[in-house]
Each structure stands twice: as C-alpha cells, then as structure tokens.
Amino acid sequence: MWMTTFSVDSAISKAIAENGRIDVLVNNAGVGGGGSVEEMSLSAFREVMETNFFGALRCIKAVLPGMRERRHGCIINVTSIAGRMALSPSAAYSASKWALRL
C-alpha cells in the first residue's frame, strides 16, 4: 500500500509535535517489483513507483519548508545499485531507484 499525502502529512505533523522539529530525513522505503516491463501490469509498476519514488518525494516536500526556514537540515535518499545496473526482472524497482537520484 502506498503512502498518501495525508499519511505523510500526518506522520510528519506527529513527529514535529513530539520532537519540535525534523532535522534529518532518511528515505529508505523500497518495495520490489518482480517482472519485466512486458510482464508487469501498469498498476503493479505504478505501485512500486508510488512507494519508492513518489513516497520519498512526498516526505521531502513535507519536511523541506521547515528545514529551509531554519536553514538547517539533511535529507538522505537511499537508492540501490539496481538503479544503475538494471536487471530485466526488476524493471519497476530499477526505474524507481534511478528516479530517486534527484
């Protein structure tokens, strides 16, 4: 199941309420996506992209305003060598990890 904007905003709000601010964000989410492009349904491919790329992007967009305001913060995106050396049975995973190399 993918993270929605609502779930990210809720989690970030809760973390800020409990800790005062967020100084570090580590995006480490990753779901696999077995299958070549021709074997995977578009919805399965989209689910991998929603989690591995858009989920991280939602988190970045949620914490970045506070970090910019404080002029302090660190965002770490954990990707994979699979983004650089794609294997055909991991098409969606490889594409999502390459996309995260902002």
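Worth saying up front: this structure is predicted, and the values here are computed from it rather than measured.
- V24 and V78 fall within the same hydrophobic cluster, defined by Ile, Leu, Val, Met, Phe, Trp and Tyr side-chain heavy atoms under 4.5 Å apart, directly or through other members.
- Note that OG of S94 is 10.0 Å distant from CD1 of I81, once rounded to the nearest 0.5 Å.
- Looking only at side-chain heavy atoms (C-beta outward), E50 and R58 come within less than 4.5 Å of each other.
- When atom types are taken as modelled, the side chain of S96 and the backbone of Y93 share a donor-acceptor pair closer than 3.5 angstrom.
- For the atom pair CG (L42) and CE (M49), the distance works out to 11.0 Å, reported to the nearest 0.5 Å.
- Put simply, the side chain of L64 does not reach to within 4.5 Å of the side chain of L25, judged on heavy atoms.
- In this structure, the separation between CE on M40 and CD on E47 is 8.5 Å, given to the nearest 0.5 Å.
- Side chains of K61 and V8 form no contact here, defined as non-hydrogen atoms less than 4.5 Å apart.
- Taken to the nearest 0.5 Å, the CG atom of D23 stands 11.5 Å off from the CD1 atom of I75.
- Within the model, atoms CG of N28 and CG of N52 stand 10.0 Å from one another, a figure rounded to the nearest 0.5 Å.
- In terms of heavy atoms, A56 sits closest to L100 at CB-CD1, 3.6 Å.
- Note that CG of N19 and NZ of K14 are 10.5 Å apart. Values are rounded to the nearest 0.5 Å.
- Across all their heavy atoms, V48 and G32 have their closest contact at CG2-O, 3.4 Å.
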